[in-house]
J.: 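One structure, as structure tokens, below. Some questions next.
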Protein chains: 2
Amino acid sequence: MSSVISLPQPSQAAASFNAPVGGIHGSGLFASCPELIGTPFAYAREEEIYGEGEDAEFVYKVVEGAVRTHKVLSDGRRQITGFHLPGDLFGFEQGETHRHTAEALSDAKVLIFKRRQIERAATHRAEVACQLWSMATNNLRHAQDHMLLLGRRSATERVASFLMEVDERLGGTGTFALPMTRRDIADCLGLTIETVSRTITQLEADGALLRSSTSRHVSLRRNRMRRAVED
Amino acid sequence: MSSVISLPQPSQAAASFNAPVGGIHGSGLFASCPELIGTPFAYAREEEIYGEGEDAEFVYKVVEGAVRTHKVLSDGRRQITGFHLPGDLFGFEQGETHRHTAEALSDAKVLIFKRRQIERAATHRAEVACQLWSMATNNLRHAQDHMLLLGRRSATERVASFLMEVDERLGGTGTFALPMTRRDIADCLGLTIETVSRTITQLEADGALLRSSTSRHVSLRRNRMRRAVED
DNA sequence: CGAAACCTTGAGAGCTCTCAATGTGAGTGG
DNA sequence: CCACTCACATTGAGAGCTCTCAAGGTTTCG
């Protein structure tokens, strides 16, 4: 909620929904563990980083740009499980394979770590293991909040809640550019793109936000926005 | 998915949805850490164990019975975030306060641990920290699966998926007694009790399950059940 | 400037919810 | 052991929210 994430390129950065404080712990993690040096790698916009079912040999840390992770059903229905920002770690699994797919939201630079190496560091250094635990617990808390949203909130509440969360992550100024498409938003909130679009239009009509030239830029009237979420 | 949980009283036990393998790691956790001795405590059916917003001073381990955790909105809408079975740990938080409420599903016996004590053990023993990390990661994986269910699956798919999961957790025989009410099921799946009821009736009409005398007992025809979930 | 992807808007359908009534089982006291 | 009670579960009818299908507008990019 109050996490501060440095955003080298605010207009391009994405919110990190599944790892709210991941950036913080992520930064500390490797600082305290100099033997863990990641290999730099770059991905183009929309490029797949790993796919569901693949061996979970590596773990990733966002350096620049943004990444999304999602799960899909056989008929194509998609649920985004998280957006990951600079500083965030993603790709950890308990089992042998990835349980979701990761793709670059924008052109992105990451550091790649060998999972075994990190696990080894964790088994030898309680400090590292505690940070990983802390990170996972934070991600879990966020996932539970999102379950409440998906299971019990209306379209208006979901979209308003989403916009406020993106705003917070992008500096909390109330004015920002959404780093993802309507489809990404819809697949994160369990809605359709049409419903997301209509809801944003309605929020604007209610005076809860303003849109400028491009559809990605919004200015939130946060008091009215909060009223739309109510709780 | 293949976790085996010992069920002293199958007809009373509940599925553990948010901590699929928690029981396993939970058992190991304190076995390897004899200085951590929990204080036994008992709760009556429907009794609150802790409430959202309270200080997260303690951590709990189910010994007997079952526990559910949930979040609520101000208007009463509720989302169950997990059912916890014997062996499962619950109540961990990253911050100072509990982010959800825990209640006994049936009469339950638990062991209570001081959170600080466990955290201290974790900072001194990488093994303990790794187990806690592992547990959190497993819970996170389950939460992400549940997000897909809540965001993208139909009522039929949700109920069928839920029933199969309960079956697995209760031994996988295909025949069992649901340990929770329709309301609990509905609040876990993001549906209403009426929709849950209608969906079960429909699954029975489709030959995917049989109900005996009491509404809580079901026998799954797992092949047809799987077809209802399709994926 | 043209093409393609993205976004918005409209109309109607469908799934789930709401409201209401009935049925059922477990527990209690006579 | 039975009647009573209350919580729980089922069923029905209609409403409402979101989806689907379709068309048109807008932005981006080559």
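Here is how names work: the chains are called A, B, and so on, in the same order as the sequence lines, proteins then strands, and each is numbered from 1. Just so you know, these numbers use all the heavy atoms, side chains as well, and skip hydrogens, waters and symmetry mates.
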J.: For a quick check of understanding: with a heavy-atom distance under 4.0 Å over all strands, which category does R158(A) fall into, base, sugar-phosphate or nothing?
T.: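 R158(A): no heavy atom of the nucleic acid under 4.0 Å.
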J.: What I want to check is whether an N or O donor and acceptor connect the side chain of R153(B) with the base of dT16(C) at under 3.5 Å.
T.: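 By the distance-only test, no, there is no pair.
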J.: State whether the distance check finds a donor on one side and an acceptor on the other, under 3.5 Å, for side chain E194(A) versus base dC7(C).
T.: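 Answer no: no donor N or O sits under 3.5 Å from an acceptor.
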J.: Mind checking if I193(B) touches a base, just sugar-phosphate, or nothing, with heavy atoms under 4.0 Å?
T.: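 Result for I193(B) = nothing.
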J.: Report which part of the nucleic acid L191(B) touches: base, sugar-phosphate, or nothing (heavy-atom distance under 4.0 Å, all strands).
T.: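 Sugar-phosphate, backbone atoms only, no base.
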J.: Given atom CZ of R211(B) and atom C1' of dC8(D), what is their separation to the nearest angstrom?
T.: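 Going from R211(B) (CZ) to dC8(D) (C1'), I get 13 Å.
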J.: Can you classify the ring geometry of F162(B) versus F83(B) as parallel (below 30°), tilted (30 to 60°) or perpendicular (above 60°)?
T.: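 Judged by the thresholds at 30° and 60°, the geometry between F162(B) and F83(B) is perpendicular.
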J.: Let me spell it out: for each of R198(B) and E46(B), pick the nucleotide of DNA chain D with the closest heavy atom. Which residue's pick is nearer the 5' end?
T.: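 Comparing both residues, the 5'-ward one is E46(B).
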J.: Take T214(A) and G190(A), find for each the nucleotide of DNA chain D with the closest heavy atom, and name the residue whose nucleotide sits nearer the 5' end.
T.: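 Going by which nucleotide is closer to the 5' end, it is G190(A).
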J.: Looking at dT28(D), I'd like to know if its phosphate oxygens (OP1 or OP2) sit under 4.0 Å from a side-chain N or O belonging to R216(A).
T.: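 For dT28(D), neither OP1 nor OP2 has a side-chain N or O of R216(A) closer than 4.0 Å.
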J.: Will you find, in the side chains of E165(A) and H142(A), an N or O donor that is under 3.5 Å from an N or O acceptor?
T.: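 E165(A) vs H142(A): donor-acceptor pair found between side chains.
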J.: When you measure from the side-chain N and O atoms of T192(B) to the phosphate of dC17(C), is any distance below 4.0 Å, counting only OP1 and OP2?
T.: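 So the side-chain polar atoms of T192(B) do come within 4.0 Å of the phosphate oxygens OP1 or OP2 of dC17(C), strictly under.
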J.: Looking at every non-hydrogen atom in both residues, tell me the closest pair between L150(B) and R158(B) and how far apart they are.
T.: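 Smallest heavy-atom distance, with atoms named: O-NH2, 3.1 Å.
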J.: Roughly how many Å is it from CZ in R182(A) to P in dC19(D), rounded to a whole number?
T.: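 Result: 15 Å.
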J.: Starting at CG of L203(A) and ending at C1' of dT8(C), how long is that distance when rounded to a whole Å?
T.: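 Taking CG of L203(A) and C1' of dT8(C), I get 15 Å after rounding.
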J.: For a quick check of understanding: with a heavy-atom distance under 4.0 Å over all strands, which category does S197(A) fall into, base, sugar-phosphate or nothing?
T.: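 S197(A): base contact, heavy atoms under 4.0 Å.
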J.: Keeping the roles fixed (side chain from R216(A), backbone from A177(A)), state whether a donor-acceptor pair exists under 3.5 Å.
T.: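 No: the side chain of R216(A) does not pair with the backbone of A177(A).
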J.: Counting heavy atoms from C-beta on, name the nucleotide in dT9(C), dT18(D), dT8(C) closest to the side chain of T201(A).
T.: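 Of dT9(C), dT18(D), dT8(C), dT9(C) is nearest to the side chain of T201(A).
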